[in-house]
*Asks:* 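Have a look at this one before I ask anything.
Keep in mind that this is a model prediction, so the values were computed, not measured. Keep in mind that the numbers below use all heavy atoms, side chains included, and drop hydrogens, waters and symmetry copies.
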Amino acid sequence: MTRTVLELGGSDAEKFLSDLTTNVLPRDGGISYNALLSPQGKYLFDFFVLKQGDLFWLDVATARAQALGQRLMMYRLRADVTLKAAEFSVTRGLGDPPVGAVMDPRSSRMGWRAYGDTQGQDVDWDAMRVEFLIPESGVELIADESYILEMGFERLNGVDFKKGCYVGQEVTARMKHKTELRKGLARISISHEVPIGTELIADGKSVGKVFTQSKGRGLAYLRFDRAKGQMHAGDAGVALDLIA
């Protein structure tokens with residue numbers, strides 16, 4: 001999935017971004033994984049934030065970049081904030097990072113990310129995401145529908161419960177401290193690939209849906225209490241492998 005970098009600047013940029021997003025912002029030269037939620041606490045966008053001097057780079061899925069920019073500008077009001085698309089690419093790879101690259105903050109096992117002219121590597125990133133239960137924007141992560149705690153954002157270092165308020169914070173905090181998650185992301189084994197979004201069935205009841213699949217395994221969003229025994233998605237046999 002292609003990526004776009006938005007460059008956020010201005011004297012109010014740091015406070016502006018911190019007040020909106022789920023995670024603390026990185027120090028200069030660092031990277032963090034963040035989300036922007038609706039006031040109702042539902043997922044809207046996820047992106048990486050890099051601090052470069054007085055600027056913040058937002059590394060976001062290209063398909064969601066324009067909408068993210070529009071959402072940020074909606075919140076700008078009178079804040080001294082500027083936003084533009086940066087003119088460089090995002091590359092990724094495994095192993096020792098090249099000069100200037102940063103490690104993926106969700107998991108070091110997801111390798112490094114570089115910004116500029118660095119040559120990327122040909123890696124089956126979907127297989128990696130399935131292996132480490134990492135959701136993708138527009139696939140497992142659905143705008144105005146997903147909840148980040150159900151999608152593993154705490155495990156993926158994408159939310160900080162000690163930072164100040166942000167949009168959707170109250171709902172997220174309540175899910176963390178006052179409820180037990182009944183639904184969420186899980187890894188499954190599957191006999192063969194089925195279309196993304198195929199309903200997952202157990203004992204004649206809907207359990208959830210199947211999403212990314214690779215090499216006989218996949219990611220599914222499901223109800224934990226129903227995901228038992230042999231299941232099926234279409235004509236594919238499915239079994240629960242690991243809950244995030």
*Asks:* Identify the two heavy atoms, one from Asp80 and one from Ser11, that lie closest to each other, and give their separation to 0.1 Å.
*Replies:* OD2-OG, 2.6 Å

*Asks:* As an exercise, state the distance from CD of Glu193 to OG of Ser214, rounded to the nearest 0.5 Å.
*Replies:* 7.0 Å

*Asks:* Would you call Asp104 and Arg106 a salt bridge, taking side-chain N to carboxylate O under 4.0 Å as the test?
*Replies:* yes

*Asks:* If you count heavy atoms of other groups shown closer than 6.0 angstrom to CD of Gln119, is the number above 12?
*Replies:* no

*Asks:* Is there a side-chain contact between Leu6 and Lys84, using heavy atoms and a 4.5 Å cut-off?
*Replies:* no

*Asks:* Could you check whether any side-chain heavy atom of Tyr147 comes within less than 4.5 Å of a side-chain heavy atom of Val171, counting everything from C-beta outward?
*Replies:* yes

*Asks:* With the side chain counted from C-beta on, respond yes when Val60 and Val5 share a heavy-atom pair under 4.5 Å apart, and no when they do not.
*Replies:* no

*Asks:* Show me the donor-acceptor pairs, under 3.5 Å and distance only, between side chains in residues 62-79 and residues at least two apart or in other chains.
*Replies:*
| unit_1 | atom_1 | unit_2 | atom_2 | d |
| --- | --- | --- | --- | --- |
| Thr62 | OG1 | Thr2 | O | 3.2 |
| Thr62 | OG1 | Thr2 | OG1 | 3.2 |
| Thr62 | OG1 | Arg3 | N | 3.3 |
| Thr62 | OG1 | Arg3 | O | 3.2 |
| Thr62 | OG1 | Thr4 | N | 3.4 |
| Thr62 | OG1 | Thr4 | OG1 | 2.9 |
| Arg64 | NH2 | Leu44 | O | 2.9 |
| Arg76 | NH1 | Val81 | O | 3.4 |

*Asks:* So which heavy atom on Ala186 is nearest to which on Leu240, and how close?
*Replies:* CB-CD1, 3.8 Å

*Asks:* Cut-off 3.5 Å, side chains only: do Asp144 and Tyr43 have a donor facing an acceptor?
*Replies:* no

*Asks:* Give me the atom names and distance for the closest heavy-atom approach of Phe47 to Ala35.
*Replies:* CE2-C, 4.4 Å

*Asks:* Taking all heavy atoms of Pro97 and all of Ala101, pick out the closest pair and write down the distance.
*Replies:* CB-CB, 4.0 Å

*Asks:* Hey, is CG on Asp225 packed in by over 12 heavy atoms from elsewhere, all under 6.0 Å?
*Replies:* yes

*Asks:* For atom CG of Asp124, is the number of surrounding heavy atoms from other residues, nucleotides or ligands below 6.0 Å larger than 12?
*Replies:* yes

*Asks:* Is a salt bridge present between Arg129 and Glu136, judged by a nitrogen-to-oxygen distance below 4.0 Å?
*Replies:* yes

*Asks:* For the OG atom of Ser206 and the CG atom of Leu200, what is their distance to the nearest 0.5 Å?
*Replies:* 7.5 Å

*Asks:* Is there a side-chain contact between Ile31 and Tyr115 (heavy atoms, below 4.5 Å)?
*Replies:* yes

*Asks:* How about CG on Asp96, more than 12 heavy atoms from neighbouring residues, nucleotides or ligands closer than 6.0 Å, or not?
*Replies:* no

*Asks:* Stepwise, does the side chain to side chain contact (heavy atoms under 4.5 Å, CB included) test hold for Arg113 with Asp59?
*Replies:* CA-CA 10 Å; Arg113 307 180 74 84; Asp59 169 357; 3.0 Å; yes

*Asks:* Is there a side-chain contact between Val159 and Asn23 in this structure, where contact means two heavy atoms from C-beta onward sitting under 4.5 Å apart?
*Replies:* no

*Asks:* For the residue pair Tyr221 / Glu150, report whether a side-chain donor-acceptor contact shorter than 3.5 Å exists.
*Replies:* yes

*Asks:* Can you tell if the side chain of Glu199 reaches within under 4.5 Å of the side chain of Val210, non-hydrogen atoms only?
*Replies:* no

*Asks:* Can you list everything that forms a side chain to side chain donor-acceptor pair (under 3.5 Å) with Tyr33? Sequence neighbours excluded, please.
*Replies:* Asp46

*Asks:* What verdict does the ring-ring contact (aromatic ring centres under 6.0 Å, His included) test give for Trp57 and Phe88, after you've listed the backbone C-alpha separation in whole Å, the side-chain angles of each residue and the deciding distance to 0.1 Å?
*Replies:* CA-CA 11 Å; Trp57 291 349; Phe88 51 78; 4.7 Å; yes

*Asks:* Quickly, which of Leu242, Val130, Ile188, Thr212 forms a side-chain contact (heavy atoms from CB on, under 4.5 Å) with Arg217? Name it, please.
*Replies:* Val130

*Asks:* Rounded to the nearest 0.5 Å, what's the gap from CZ on Phe16 to CG on Leu25? Could you check?
*Replies:* 11.5 Å

*Asks:* How long is the span from the CG atom in Leu185 to the CG atom in Leu149, to the nearest 0.5 Å?
*Replies:* 12.5 Å

*Asks:* Report yes if some heavy atom in the side chain of Leu94 is under 4.5 Å from a heavy atom in the side chain of Val123; otherwise report no.
*Replies:* yes

*Asks:* Is a donor on one side and an acceptor on the other found under 3.5 Å between the side chain of Gln230 and the backbone of Val238?
*Replies:* yes

*Asks:* Identify, with sequence neighbours excluded, every residue that meets side chain to side chain donor-acceptor pair (under 3.5 Å) alongside Lys15.
*Replies:* Asp19

*Asks:* Among residues two or more places apart or on two chains, list those pairs meeting side-chain hydrogen bond (donor to acceptor under 3.5 Å, both in side chains) that have a residue in residues 162-191.
*Replies:* Glu154-Lys176, Arg187-Asp241

*Asks:* Could you pull out all residues at least two apart from Ser32 that satisfy side chain to side chain donor-acceptor pair (under 3.5 Å)?
*Replies:* Asn34

*Asks:* Rounded at 0.5 Å granularity, tell me how far CG in Asp160 sits from CZ in Phe153.
*Replies:* 14.0 Å

*Asks:* Taking only residues two or more places apart in sequence, or in another chain, which ones meet Arg109 in a side chain to side chain donor-acceptor pair (under 3.5 Å)?
*Replies:* Ser107

*Asks:* Does Lys51 reach the side chain of Glu14, with side-chain heavy atoms less than 4.5 Å apart?
*Replies:* yes

*Asks:* Within 45 degrees of the axis of the six-membered ring of Trp112 and under 6.0 Å from its centre: does Arg92 put its NZ or CZ there?
*Replies:* no

*Asks:* Check the hydrophobic clustering (I, L, V, M, F, W, Y; side-chain heavy atoms under 4.5 Å; chains of links allowed) and say if Met175 and Leu141 are grouped together.
*Replies:* yes

